[in-house]
Amino acid sequence: MLKVATWNVNSIRTRLSQLAEWLNKEQPDIVGLQELKLSDHEFPNEALNELGYKSVYLGQKSYNGVAILSKEDPKETITGIPGFEDSQARVIATTVGAVRFLSIYAPNGQALDSDKYQYKLEWFTHLKNYLTGILIEYPNTIVVGDFNVAPEDRDVHNPAAWRDSVLVSPAERTAFFQLLELGLIDTFRLFDQAHAAYTWWDYRNLGFERNHGLRIDHILANTNLALSCGHSWVDLAPRKNERPSDHAPVVSEFYI
DNA sequence: ATGGTCGGTAACCGA
């Protein structure tokens, strides 16, 4: 059994005790983290080692930042998207056992008329090209993270209100589905799920209490590996903590 | 702090 997870922690410094508690309880084998919001030299490597996890990470002061934690030693780590110069820390890849594993943090995009939205779409094009090669090279690939895209209207609490806004716009959804067309599967949707299952809720306006959320954090697996996926779920418990991240973890289990 | 709440930063920006 291989248990993998993704969690946008929204500052690993602020969330470290919650992360530690969650790792101890859930014991995932591999975890992708996003929005570390600190520099590499501030990463809590020792604290995670004491919890039984090796780490690889690409930090950035204040913004972004991605990591992969694993019980087994990670090997052949690559940070960023090769060939794409980007000052923002959004992609890390490593090999754990037989699996090539990526933790990604897609740009938010801010608004459809923003330069950041154009950057988001360009970033997805570079990610797609990068993943094309990875899926040829590695027989087992898992791509997790905060994609900042709710793929379908059922992934949005109020599709009419969100229509044509960032995170749900047609161009963003097309960019997401182009990743799936490479041969990746959204493992969460392999299984029956509760109605209104989301992974992110705005801190404002009692978003979580009202379940005004979006499903924007995903665990994708290549087709062959997805055949061995036994279950996938959103773990709501950490979102109920005091001072929570605005995202909940997503977990998938593979029988390999 | 041009709505609401957080995070990091120390300028309000980003989400």
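Residue numbers start from 1 in every chain, and the chains themselves are labelled A, B, ... in the order their sequence lines are given, proteins ahead of strands.
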* How long is the line joining OH of A:Tyr63 and P of B:dC13, in whole Å? -> 9 Å
* Asked: Atom NZ of A:Lys116 and atom P of B:dA15: how far apart are they, to the nearest Å?
  -> 6 Å
* Structure fact -> Walking DNA chain B from its 5' end, the first of A:Asn8 and A:Ser62 to be reached, judged by nearest nucleotide, is A:Ser62
* Asked: Does a sphere of radius 6.0 Å around CG in A:Asp115 hold more than 12 heavy atoms from other residues, nucleotides or ligands, not counting ones at 6.0 Å or beyond?
  -> no
* Roughly how many Å is it from CD in A:Glu35 to P in B:dG14, rounded to a whole number? -> 13 Å
* Asked: When you look at A:Asn241 and A:Gln18, which way does the side chain to side chain donor-acceptor pair (under 3.5 Å) test go after all the steps?
  -> CA-CA 8 Å; A:Asn241 289 342; A:Gln18 293 182 43; 2.9 Å; yes
* Asked: Is a side-chain donor-acceptor pair under 3.5 Å present for A:Tyr117 with A:Ser169?
  -> yes
* Closer than 4.0 Å, any side-chain N/O of A:Thr14 to the OP1 or OP2 of B:dG7? -> no
* Short question: side chain of A:Glu72, backbone of A:Val96 - any donor-acceptor pair under 3.5 Å? -> no
* NZ of A:Lys37 versus P of B:dG14: gap in Å, rounded? -> 12 Å
* Between A:Arg243 and B:dT5, does any side-chain N or O lie under 4.0 Å from OP1 or OP2? -> no
* Asked: What pairs with A:Arg189 under salt bridge (Lys or Arg N to Asp or Glu O under 4.0 Å), at least two apart in sequence or on another chain?
  -> A:Asp155
* Residues of residues 201-215 of chain A with any non-hydrogen atom less than 4.0 angstrom from an atom of DNA chain B: list those, numerically ordered, please. => A:Tyr203, A:Arg204, A:Asn205
* Asked: Does A:Ser11 place a side-chain N or O at less than 4.0 Å from the phosphate oxygens OP1/OP2 of B:dC6?
  -> no
* **Spacing of A:Ile216 atom CD1 relative to B:dA15 atom P, expressed in whole Å** => 11 Å
* Whole angstrom value for the distance that separates P of B:dG14 from CG of A:Asp246 -> 16 Å
* Asked: Which heavy atom of A:Gln88 sits nearest a heavy atom of A:Gln60, and at what distance?
  -> CA-OE1, 3.3 Å
* Asked: For A:Glu76, does the CD atom have more than 12 heavy-atom neighbours from other residues, nucleotides or ligands under 6.0 Å away?
  -> no
* Asked: Within less than 4.0 Å of OP1 or OP2 of B:dT9, is there a side-chain N or O belonging to A:Lys61?
  -> yes
* How many Å lie between CG on A:Asn108 and P on B:dC6, as a whole number? -> 18 Å
* With nearest nucleotides of DNA chain B determined for A:His247 and A:Asn10 from heavy-atom distances, which residue corresponds to the more 5′ nucleotide? -> A:Asn10
* Distance between the C1' atoms of B:dT9 and B:dA15, in whole angstroms? -> 15 Å
* Expressed in angstrom and rounded to an integer, what is the separation of A:Gln60 atom CD from B:dT9 atom C1'? -> 14 Å
